[in-house]
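See below for the structure under consideration.
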Amino acid sequence: MTEQPDSPPFRYTAEFANRIEARWQDYWREHGTFHAPNPVGDLADPKHPRFGAPKQFVLDMFPYPSGAGLHVGHPLGFIGTDVFARFQRMAGHNVLHTMGFDAFGLPAEQYAVQTGTHPRTTTEDNIVRYRAQLRMLGLGHDDRRSVATTDVDYYRWTQWIFLQIFNSWYDPSKNRARPISELEAQLSHLPAVERNRIVDEHRLAYVSEAPVNWCPGLGTVLANEEVTADGRSERGNFPVFKRSLRQWMMRITAYSDRLLDDLDKLDWPEPIKLMQRNWIGRSTGAYIDFPADGEKIRVFTTRPDTIYGATYMVLAPEHELVDKLMPGVWPLETHEAWTGGHATPPEAVAAYRAFAAAKSEVERQADAKAKTGVFTGAYAINPASDQPVPIFIADYVLAGYGTGAIMAVPGQDERDWEFAEVFELPIVRTVEPPPGWEAKAFTGEGPAINSGMLDGLGVADAKAKAIDWLEDSGYGEGAVTYRLRDWLFSRQRYWGEPFPIVYDEEGRAIAVPDEMLPVALPEVADFSPKTFDVNDANSEPETPLSRAKEWVEVELDLGDGPKRYRRETNVMPQWAGSCWYQLRYLDPTNHESFVDPANEAYWVGPQPGQEPGGVDLYVGGVEHAVLHLLYARFWHKVLYDLGHVSSFEPYYRLFNQGYIQAYAYTDDRGAYVPAEEVTEEQPGIYVWNGQKVNREYGKMGKSLKNVVTPDEMCERYGADTFRVYEMSMGPLEVSRPWETRAVVGAQRFLQRVWRAIVDENTGKTTVVDTPADLETKRALHKAIAGVREDMAALRFNTAIAKLIELTNTLTKLPATPREVAEPLVVMVSPFAPHIAEELWQKLGHDETVTYVDFPVADASLLVEETVTYPVQVNGKVRGRIEVAVDADESTVRAAALAEVGVTDPKKVIVIPGRLVSVVA
RNA sequence: GCGGGAGUGGCGGAAUGGCAGACGCGCCAGCCUUAGGAGCUGGUGCCUUCGGGCGUGGGGGUUCAAGUCCCCCCUCCCGCACCA
């Protein structure tokens, strides 16, 4: 943006802003302005003005330093936390705010593969670039505390925490994790081999052979949370297949109840809590065993009260008992519809299995309405009614949930009803529907019928009695199941934390002892993963580290003399590093432990009114609702159980910022055209280069040709303007479109602030020491009261509106009184810190504005002398009256009636200070 | 299908049940100016016969008073998706 040569030399232009911004950024760095003092250790500083003050730990979600760099959407949350952090400093808090980098993971590796450079090189370059972009925005970070997950000093502790998890087990009787040594002690009477087997089966991090999500396109397995509903990888959108593979798992399911119940103690948005609750998916009910030909078919049900209505059973097609129970020939008089037209049960079952396996996830969901299945030829006995019930297989029963088998109760379950209709199975209602009920299955509340001993009981009582009966008779037991599965923790990639695990000759996983940490990621000739055809479900994962032979084969002395071991060649998933980073921020230079207990207790320990402890404000996007946020809570709880931290939740208050989105434009061929060059010729008619183009709304991205970068905004307007614009364009939690041309409004505001205090021609301050008039004082204190409230509630957009209003009253004055200028500068400083520092200095102060007290409103100036009441007649404003603020109700009433000329009102309502409503 | 969130000027958005549209963009008029992607001042919901009328997705309701509370419906976004 070019300025006229004759513009005044001290006008607040973009160039001018850029000059002072660079200067203040240097100042902050040199003075360590944003260093937050720790209670103990390297970062303790008793001379700091906030040493020992009440703390505030303000945290941004760990960014991934992408090769594409930042666009204007990325810093929205970062600026929000910075504004809040600066406000909290001025409100007297010791504020910890910093930023590190979640730098391991697939994208870095993929980018490195594409460019042929080492992931470390690209990652470090990206971090450098990211840091420069962040610095330019004037973020008040304590840069001493910044960490990257890829730092060896950092992942040394990630490995240490992994070993803590590996070396512990969950004791259900104590409902917490305990050191594995305590389990070993309990089992000391057993022979070593058996003891080891039991111990290894109980570890919170364990190896298991189990069906996992294998993604050939990425060459790695994925966690359930990383697979979308339609069976594709969240990253890259490649097909994902279920394969049974030997993999590392984390026993997060042991924590299901605590992860669920402790949500109630957190200050999080309800939708996020709900998403976690749904993901964990606790259901309470019972296991019931149905005898069948010498076997027992165990089902899970949430409605044990309806057992008398179980008229058939359904197993998942892959259920292990199907082959055992299935007879070679159909029983006599088998219903034609049940056989699927096949001559024998084995043929029918094989055909159905093939049919079900061929369906994609998408097809299966699309077909959810039409129930399919086939009779196995076998019968079980309903233990309550003693009736034989046919056993079907059907794909509406999922192998992965509950026991992979259900008792079908068509009377009280819509799916079972539909299936029963298709296969002409008997339907028995065991809960009496309300009179006039004409629909099919009835899932509501009502008395039990056709249910023997349960008849007449309500649903809850019937459930309890049914469970008692099951437990007494040995047919089952009350039970709770969860949707949550254990967390698949290994990845067949290069760019991740190596496991601190070796295998001995027997193949037993053994922890690398603490003193041998870190296990550094070795250099390899080829760090690219073995790639496969994206649809090659039968391909075998091959880890890049397995090719580093001299690293894999290692001789170690683990206490019983030097022996040969083989290293684990999987690496940890990207989520590992972000499970605990906020703790490392607290004590980043500590070499003795991952965080000193005193520093942990000070920054995130339990507080009055904040029982779980944790970060005071955590800001980030909603996309991590069930991934990072669930994993990090789990790790934190393990650390808590083992006594390493005093808080039992990592993030006390969570805030989801919205996204900045953008318009993109396509021409007739569907090709994107540069959004910057598109003009709106008429409302709704967009033109580029003389041709009409179509507008779409969504993400910002290179391929959409609509990226706007903070770099370019800083250059064209200055960082302060950019910050003010982003904070003023709407509430932080709401997504909204970017509009470059509107940024100028923020610049005009800062220019007016500048001009209210500084002469544009001389650069000298123009404030006067004469007191402000009463009206101006009132405007100031009204602003102070409002801004303070808005800041605390993260309502930055309305806070800025109030500052603009205050500034606009000042521009009408011949000169700005100092007693208004100073608080204005202080209140502006969280949003526009550079210009605020510059103005603060011009007002004669030597020190940074960072630790100046935020103004407090004088309550006496918030009350006006007179108040204007609108007078409504039958709900419409018909006039207004001005009366003394302390006028009593009858005075107001009389004045109001006189004003609107009503002599005989039916009713008059006076709302003190608000309005008068007359019913005529 | 279930659950959650949201619908307010041309646009982003303000409004403890109490004057709808704060603040900003854009637009209009004026000032300044060498012809402005600059600055300043003022205006700007819609309709109007200039009295006023109508307006917060639609329709009902509660109330002196509803964007806000209640009921029904529509649209969009997000999550889950045959979870037994």
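Labels below follow one simple rule: chain letters A, B, ... track the order of the sequence lines, proteins then strands, and each chain is numbered from 1. Source: prediction; values computed, not measured.
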Please encode protein proximity along nucleotides 40-51 of chain B as a string of B, S and -, counting only heavy-atom distances under 4.0 Å.
SSS---------
When rounded to whole Å, the CG to C1' distance for the pair A:Leu315 and B:rC82 reads 16 Å
Can a donor-acceptor pair be found between the side chains of A:Asp759 and A:Thr766 at a distance below 3.5 Å?
no
Starting from C1' on B:rG1, measure out to CD on A:Glu414 and report it in whole angstrom.
9 Å
Tell me, with the steps shown, if A:Val72 and A:Glu712 meet side chain to side chain contact (heavy atoms under 4.5 Å, CB included).
CA-CA 9 Å; A:Val72 291; A:Glu712 98 194 68; over 6 Å; no
State, with a plain yes or no, whether a side-chain heavy atom of A:Arg755 is found less than 4.5 Å away from one of A:Arg11.
yes
Syn or anti conformation of B:rG7, syn meaning chi within 90° of 0
anti
Hey, what do you get for OH (A:Tyr401) to CZ (A:Arg483), rounding to the nearest 0.5 Å?
9.0 Å
Are A:Glu414 and A:Thr443 linked by a side-chain donor-acceptor pair shorter than 3.5 Å?
no
Using the P atom on both, measure B:rG43 against B:rG21 and round to a whole Å.
14 Å
Taking atom C1' in both B:rG17 and B:rA65, what distance in whole Å separates the two?
8 Å
List the atom pairs, donor and acceptor, that lie under 3.5 Å between side-chain atoms in residues 874-882 of chain A and the rest of the protein, sequence neighbours left out.
from     : atom 1 : to       : atom 2 : distance (Å)
A:Asn874 : OD1    : A:Ala920 : N      : 3.1
A:Glu882 : OE2    : A:Thr866 : OG1    : 3.0

What is the distance, to the nearest angstrom, from the CD atom on A:Glu739 to the C1' atom on B:rG13?
12 Å
Which helical stems does RNA chain B take part in, if a stem means at least 3 consecutive Watson-Crick or G-U pairs with both distances below 3.5 Å?
B:1-7 with B:74-80, B:10-12 with B:23-25, B:26-31 with B:39-44, B:45-47 with B:52-54, B:57-61 with B:69-73
Nearest-neighbour nucleotide for the A:Pro731 side chain, B:rC64, B:rG13, B:rC11 considered:
B:rG13
Sequence neighbours left out, what passes side chain to side chain contact (heavy atoms under 4.5 Å, CB included) with A:Ala466? Give chain and number order.
A:Pro304, A:Leu454
P gap between B:rA20 and B:rC54, integer Å
13 Å
Whichever of A:Asn874 and A:Thr228 has the more 5' nearest nucleotide on RNA chain B, that residue is A:Asn874
Quick one: does any side-chain atom of A:Arg736 pair with a main-chain N or O of A:Pro731 as donor and acceptor, under 3.5 Å?
yes
B:rG59 versus B:rU48 - spacing of their C1' atoms, nearest Å
27 Å
Reckon A:Lys906 touches a base, only the sugar-phosphate, or nothing at all at heavy-atom distances under 4.0 Å?
nothing
For the side chain of A:Arg736, counting heavy atoms from C-beta on, which of B:rG39, B:rC25, B:rG12 is nearest?
B:rG12
Classify A:Ile804 by what it touches in the nucleic acid, base, sugar-phosphate, or nothing, heavy-atom distance under 4.0 Å.
sugar-phosphate
Could you state the atom-to-atom distance from CG of A:Asn278 to P of B:rA81 in whole Å?
10 Å
Can a donor-acceptor pair be found between the side chains of A:Asn706 and A:Tyr665 at a distance below 3.5 Å?
no
Select from A:Thr740 and A:Tyr663 the residue whose nearest nucleotide in RNA chain B is closer to the 5' end of that strand.
A:Tyr663
Syn or anti for B:rG55? Use the chi torsion, O4'-C1'-N9-C4 for purines and O4'-C1'-N1-C2 for pyrimidines, with syn inside 90° of 0.
anti
Distance between C1' atoms of B:rA29 and B:rA15 (Å, rounded):
30 Å
Sort out for me which residue in A:Leu260, A:Leu259, A:Leu274, A:Leu484 forms a side-chain contact (heavy atoms from CB on, under 4.5 Å) with A:Trp279.
A:Leu484
Please give the distance between the C1' atoms of B:rG55 and B:rU8 as a whole number of Å.
10 Å
Within the 4.0 Å heavy-atom criterion, would you say A:Val734 contacts the bases, only the backbone, or no part of the nucleic acid?
sugar-phosphate
Please state whether the phosphate of B:rA81, meaning OP1 or OP2, lies under 4.0 angstrom from any side-chain nitrogen or oxygen of A:Arg483.
yes
Any side-chain heavy atom of A:Thr903 within less than 4.5 Å of one from A:Leu897?
no
Check the phosphate of B:rG5 against A:Lys273, side-chain N and O only, distance under 4.0 Å to OP1 or OP2. Yes or no?
no
Below 3.5 Å is the cut-off: list the nitrogen or oxygen pairs between protein and nucleotides 18-22 of chain B, distance only.
from   : atom 1 : to       : atom 2 : distance (Å)
B:rC19 : O2     : A:Arg880 : NH1    : 2.9
B:rC19 : O2     : A:Arg880 : NH2    : 2.6
B:rC19 : N3     : A:Arg880 : NH1    : 2.8
B:rA22 : O2'    : A:Glu805 : OE2    : 3.2

Just by modelled atom types, is the A:Thr740 backbone N or O under 3.5 Å from a matching donor or acceptor in the A:Tyr725 side chain?
no
Quick check for you: among B:rC64, B:rA84, B:rG13, whose closest atom lies nearest to any side-chain atom of A:Lys907?
B:rC64
If I pick the C1' atom on B:rG7 and the same atom on B:rC73, what distance separates them, to the nearest angstrom?
14 Å
Gap in Å between the two C1' atoms, one belonging to B:rC71 and one to B:rU16, rounded:
25 Å
Kindly say if A:Asn808 contacts the phosphate of B:rG24, meaning a side-chain N or O under 4.0 Å from OP1 or OP2.
yes
Partners of A:Ala394 by side chain to side chain contact (heavy atoms under 4.5 Å, CB included), sequence neighbours excluded?
A:Val314, A:Tyr352, A:Tyr396, A:Phe419
Give A:Ser735 one of three labels, base, sugar-phosphate or nothing, depending on what nucleic acid heavy atoms sit under 4.0 Å from its own.
sugar-phosphate
Mind checking if A:Arg878 touches a base, just sugar-phosphate, or nothing, with heavy atoms under 4.0 Å?
sugar-phosphate
Would you please classify the geometry between the A:Trp754 ring and the A:Tyr12 ring as parallel, tilted or perpendicular, with 30° and 60° separating the classes?
tilted
